[in-house]
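We name chains A, B, ... by the order of the sequence lines, and we start the count at 1 in each one. Here the structure is a predicted model, which means the values were calculated and not measured.
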Protein chains: 2
Amino acid sequence: MDAKEILKQHIAKTATLTDEQFDYLFSHFKPQSYKKGQVVISEGDKVDNEYFVISGCLKAFFINDEIKMYILQFAMPTWWTSDYGALYNHTRATISIDCITDAEVLCLSNHDREKICNELHQAEHFFRWRTNRGYLASQKRLLSFMNNDTKARYEELLSLYPQLYNLVPKHLIAAYLGVSRETLSRLYHAHK
Amino acid sequence: MDAKEILKQHIAKTATLTDEQFDYLFSHFKPQSYKKGQVVISEGDKVDNEYFVISGCLKAFFINDEIKMYILQFAMPTWWTSDYGALYNHTRATISIDCITDAEVLCLSNHDREKICNELHQAEHFFRWRTNRGYLASQKRLLSFMNNDTKARYEELLSLYPQLYNLVPKHLIAAYLGVSRETLSRLYHAHK
DNA sequence: TGCAGAATGTGATATACATCACGTAGCTAC
DNA sequence: GTAGCTACGTGATGTATATCACATTCTGCA
């Protein structure tokens, strides 16, 4: 299945577009390929685009003053990613994004998204629901952070995305869980 | 300023509606008054409405198996609140909401919101942006949880919402920060 | 093929925080 | 007014996790 078809099916779950409308919408997306390790958005950048993942795995992360990394999102196929704070507020990136594996994405500029949303009511509908789901996922993760200990969060993550275990290095999983790599290592060697 | 005018100005920041369109939209909102301590949504309830706060302060919270409470949101005037997971997915409430002070709200049913969004493109636009902002706030709080210690999060909260200090009991602030009330108490008596 | 750097395991120690326990002050109801 | 409840402070102790240090294994690549 090609990129266009993947996006089409993804949107069809939420919004009803004619083929012509979808073609028009799709004409604003720009395909892009990245190699493993390549940087998509770097802290301090001007952010113009958001990215729809076709294949591969990216990470969106924050580096604090002590050079410690926290991962906000592993972006897998059919997920959207960007530094949305910077994108919507026209500020410089505080979040960086790079590729854990080779990856193909579709880029959509902030300007084009707003233009399409304005022109096509169904597109606005789609983006409302996409953000809805992101909001709910974020709330859920926040609750999990407050309520569950590290082990429970680790198991929750792996039961949701079993592919991560082999796809991404353990220290990145630790950075997603918000614990040190040592603690994570001890965790899953203790309860074998 | 009455409830209608408060909502009107709130929406006008994001979407352009004619007076007729706003009147139509407003006709779907139902005003409601609550007393301090009154429950708006209780865990296990069917959730049909979301709430726009006109006055007072509500809290949205989760109680875990060990009867420990975590506060997801203090809902202040012009904020929206509900158990959105339950509301959108038509499941039972896992989040409860009650009133910290006497409060006035405007209720909007899930059904009516979707109806209005369908009928009025600008309403869909408004709700997309409202959710956007909620998503960004949630991401920011998540990052703060991973990156900052309790003291920093406490000071961040109070600098954002100074009125909370006198409005809500300290153990609720602790439940928002995700620490025990003892730890919070020690925190702000240590660094005077 | 072999080497450098990345990823991972593991021990020792320090620390932030939870938990338990108890005390006090203030508010509310009748 | 007093009984009871809620909010809040504070000490003692236990525990999960960070941090530092070093060893081991894996992997890409020249």
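Proximity of B:Tyr188 to the phosphate of D:dC8: no side-chain N or O atom is located under 4.0 Å from OP1 or OP2. In this structure, B:His171 does not reach the D:dT6 phosphate: none of its side-chain N or O atoms is under 4.0 Å from OP1 or OP2. Of the side-chain N and O atoms in A:Thr150, one or more sit less than 4.0 angstrom from OP1 or OP2 of D:dT17. For B:Lys68 and C:dT19, the shortest distance from a side-chain N or O to OP1 or OP2 is below 4.0 Å.
At least one test fails for B:Lys151 against the ring of B:Tyr154: distance under 6.0 Å to the centre or angle within 45° of the axis. A cation-pi arrangement is found for B:Lys170 relative to B:Tyr165, the charged atom lying closer than 6.0 Å to the ring centre and inside a 45° cone about the ring normal.
Between B:Met69 atom CE and D:dA7 atom P there is a gap of 9 Å when expressed in whole angstrom units. Spacing between atom CG of B:Leu177 and atom C1' of C:dA18 amounts to 15 Å, rounded to whole angstrom units. Between the C1' atom of C:dT8 and the OH atom of A:Tyr165 lies a distance of 11 Å, rounded to the nearest Å. We find that CG of A:Asp149 is positioned 12 Å from P of C:dT19, with the value rounded to whole Å. Atom-to-atom, CG of B:Asn64 to P of C:dA18 comes out at 13 Å; the value is rounded to the nearest Å. Summarising the geometry, the separation between CD1 on A:Ile173 and C1' on C:dT8 is reported as 13 Å, rounded to the nearest angstrom. If you take CE of B:Met146 and C1' of D:dT17, they are 16 Å apart, rounded to a whole angstrom. Separating the NZ atom of A:Lys170 from the C1' atom of D:dT24 is a distance of 16 Å, rounded to the nearest angstrom.
For A:Ser185, whose side chain is taken as the heavy atoms from C-beta onward, the closest listed nucleotide among C:dA7, C:dG9, D:dA18 is C:dG9.
Contact of A:Glu182 with D:dC20 (side chain to base): a donor-acceptor pair of N or O atoms is detected under 3.5 Å. No donor-acceptor contact under 3.5 Å links the side chain of B:Arg186 to the base of D:dG9.
Taking the six-membered ring for Trp, B:Tyr176 and B:His171 have ring centres at least 6.0 Å apart. In this structure, B:Trp129 has its ring center no closer than 6.0 Å to that of B:Tyr135.
Residue-to-nucleotide proximity on DNA chain C shows that, of B:Lys36 and B:Thr183, the 5′-proximal contact is made by B:Thr183. Mapping A:Arg181 and B:Gly178 onto DNA chain C via the closest heavy atom, the residue that lands nearer the 5' end is A:Arg181. Between B:Leu172 and A:Leu184, the residue anchored nearer the 5' end of DNA chain D, judged by the nucleotide with its closest heavy atom, is B:Leu172.
A salt bridge does not link B:Arg92 to B:Asp83: none of the charged nitrogens lies less than 4.0 Å from a carboxylate oxygen.
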